[in-house]
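Below: one structure, written as structure tokens.
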Amino acid sequence: MRLVTYRRTVNEESRLGALDGNLVIDLQWLGDAAGMDLPDNMLDFIDLGPEAVKSTTELLNTYRGEWPLGVAIPVQNVKLLAPIPRPRKNIFGIGLNYTEHVAESAKSLDTSPDLPKQPVIFSKPPTTVIADGDAIEHNAEITQQMDWECELAAIIGTRAKRVERKDALQYVFGYSIMNDISARDNRRSGQWIYSKGQDTYAPFGPCIVTADEIPDPQNLKLWLTVNGVEKQNSNTAYMLFKVDELVADISKGITLEPGDIIATGTPAGVGAGRTPQEWLWPGDVVECHIEGIGSLRNPVVKV
């Protein structure tokens, strides 16, 4: 399934839907029509566990093409929000997780040229999250070095505490896209949270694709453009620490809970690593793309 959070009007509460072609299928309303109790929001749906994904997929297959009245809404008539508009906890960010990005960061930033022996973990607050189409805020009083980072996001579906790598993917609910926006000139004594944790610095979406539709998260093309010009182009196969390793590593000391998000790192091609260096400015449009998931497009605006 391709799950979304949407609303029809500015004043309406957000709701849970599934994308079917150019339609958004409201899952609570479909459940009501079928005598099945389904929630109206993403986090509550994730909490239901893996069986809910299976039964809801079967429900969609049963009604596809013959939707009950009012259940199916043209996607152009709704606003897609971030799939999880307000995460319960900070997003787990992974730094320096592609070999070539390690090298380019060492040349332009104060990071080590050596490949990390363990995942480099930081966090982004829930207030960083914005949706596809929403504006990334550029505050020139704070930064002159706003950068982009296209990343695969893994969303946890089942409580994970000290899990083994061989079992780790069973704890993943699904996958999405995140742009790990970074103010390179805002790193403080080696700490990244202010650089990466400012408001609007986590464009996220447009959907969550459930894990059953992406059996191998380590074979996905990902690329990024700024104003239509390609800046990043790689494949998740080149991650230093794969998704299963990240889940296992984090869960050794931090319990992962349903709805937690891991942004799994970015490949080479960021602005800081280019010659000359390139940065995002008001008026720019940055687009992230991941095979099998979709595209995430955001303008940059002055604040």
Side-chain angles (χ1 to χ4, degrees), residues 87 89-126 128-129 136 143 145-156 165 168 175-198 200-204 217-218 220 222-224 231-254 256 260-274 277-280 286 288 290 296:
K89 289 157 51 178
N90 280 20
I91 296 158
F92 293 92
I94 307 299
L96 306 173
N97 201 27
Y98 286 74
T99 304
E100 293 181 351
H101 181 53
V102 173
E104 71 175 359
S105 293
K107 289 180 180 178
S108 56
L109 303 170
D110 56 358
T111 57
S112 171
D114 299 327
L115 297 183
K117 293 181 172 58
Q118 296 174 304
V120 177
I121 303 170
F122 61 93
S123 76
K124 298 170 79 79
T128 57
V129 171
I136 301 165
T143 182
Q145 297 182 359
M146 179 181 277
D147 208 344
W148 57 80
E149 295 190 8
C150 180
E151 307 196 4
L152 175 69
I155 294 86
I156 299 298
R165 180 182 177 186
Y175 301 93
S176 191
I177 306 171
M178 184 164 289
N179 191 347
D180 177 18
I181 298 296
S182 307
R184 303 296 187 189
D185 46 359
N186 282 201
R187 291 170 295 130
R188 297 180 176 181
S189 300
Q191 298 297 312
W192 296 355
I193 190 168
Y194 195 73
S195 167
K196 292 172 172 286
Q198 295 178 35
T200 75
Y201 275 27
F204 175 41
Q218 304 307 154
L220 302 173
L222 70 166
W223 66 101
L224 178 145
K231 302 297 182 181
Q232 292 183 286
N233 191 321
S234 189
N235 192 294
T236 58
Y238 301 117
M239 284 184 192
L240 291 172
F241 302 101
K242 313 304 185 187
V243 174
D244 55 1
E245 291 179 275
L246 296 174
V247 172
D249 180 75
I250 295 170
S251 75
K252 287 177 183 177
I254 302 173
L256 292 168
D260 284 353
I261 303 165
I262 304 173
T264 59
T266 200
V270 300
R274 309 183 76 84
Q277 291 181 327
E278 300 177 16
W279 311 112
L280 291 170
V286 58
C288 299
I290 299 184
L296 176 65

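We use all heavy atoms of the structure for the numbers below, so side chains are in, but hydrogens, waters and symmetry mates are not.
A distance-only check finds a donor-acceptor pair linking the side chain of S182 to the backbone of D180 [under 3.5 Å]. With N179 contributing its side chain and P203 its backbone, the two residues share no donor-acceptor pair below 3.5 Å. Judged purely by atom type and a 3.5 angstrom limit, K124 uses its side chain to pair as donor or acceptor with the backbone of Y201. Although no hydrogens or angles enter the test, the distance criterion places a donor-acceptor pair under 3.5 Å between the side chain of E104 and the main chain of G269.
Checked against side chain to side chain contact (heavy atoms under 4.5 Å, CB included), E245 has the following partners two or more places apart in sequence or in another chain: R165, F241, K242. Residues that satisfy the salt bridge (charged side-chain N to carboxylate O under 4.0 Å, His left out) test with E149, not counting sequence neighbours, are R184, K196.
Side-chain contact between Y238 and P267 is absent, with no heavy atoms from C-beta onward closer than 4.5 Å. Put simply, the side chain of T128 does not reach to within 4.5 Å of the side chain of T200, judged on heavy atoms. Two residues are said to be in side-chain contact when any heavy atoms from C-beta on lie closer than 4.5 Å; L280 and D147 fail this criterion. Side-chain contact between I121 and D249: present, with at least one pair of heavy atoms (C-beta onward) separated by less than 4.5 Å. When side chains are defined from C-beta on, M146 counts as touching I136, because their heavy atoms get closer than 4.5 Å. Side-chain contact check for F122 versus I193: every heavy-atom pair is 4.5 Å or farther apart. Residues I254 and F92 have side chains in contact (heavy-atom distance under 4.5 Å, counting atoms from C-beta outward). In this structure the side chain of N233 never reaches within 4.5 angstrom of the side chain of L224, judged on heavy atoms.
Interatomic distance, CG of L256 versus CD1 of I261, reported as 11.5 Å (0.5 Å rounding). Taken from CG in L115 to CG in L240, the straight-line distance is 5.5 Å, to the nearest 0.5 Å. Atom CZ of residue F204 and atom CD1 of residue I91 lie 7.0 Å apart, to the nearest 0.5 angstrom. For the atom pair W148 CH2 and C288 SG, the distance stands at 11.0 Å (nearest 0.5 Å). Note that OG1 of T143 is 10.0 Å distant from OH of Y194, once rounded to the nearest 0.5 Å.
Heavy atoms only, all atoms of each residue included: I290 and S176 are closest at CD1-O, 4.1 Å. Scanning all heavy atoms of the two residues, the minimum distance from E100 to A268 falls at CB-CB, 3.6 Å. In this structure, P116 and L96 approach most closely via the heavy-atom pair CG-O, 3.6 Å. Pairing each heavy atom of Q218 with each of T236, the nearest pair is NE2-O, 2.8 Å. The heavy-atom pair separating A153 from I155 by the smallest distance is O-CD1, 3.7 Å. The two residues N90 and P125 make their nearest non-hydrogen contact at OD1-CA, 3.4 Å.
A side-chain contact (heavy atoms from CB on, under 4.5 Å) with E151 is found for exactly one of I177, T266, L222, namely T266. C150 pairs in a side-chain contact (heavy atoms from CB on, under 4.5 Å) with only one of the listed residues (Q232, K231, M178), which is Q232.
Counting only residues at least two apart or in different chains, salt bridge (charged side-chain N to carboxylate O under 4.0 Å, His left out) contacts with residues 260-272 comprise K89-D260.
Side-chain contact annotation: N186 with S195, donor-acceptor N/O pair under 3.5 Å absent.
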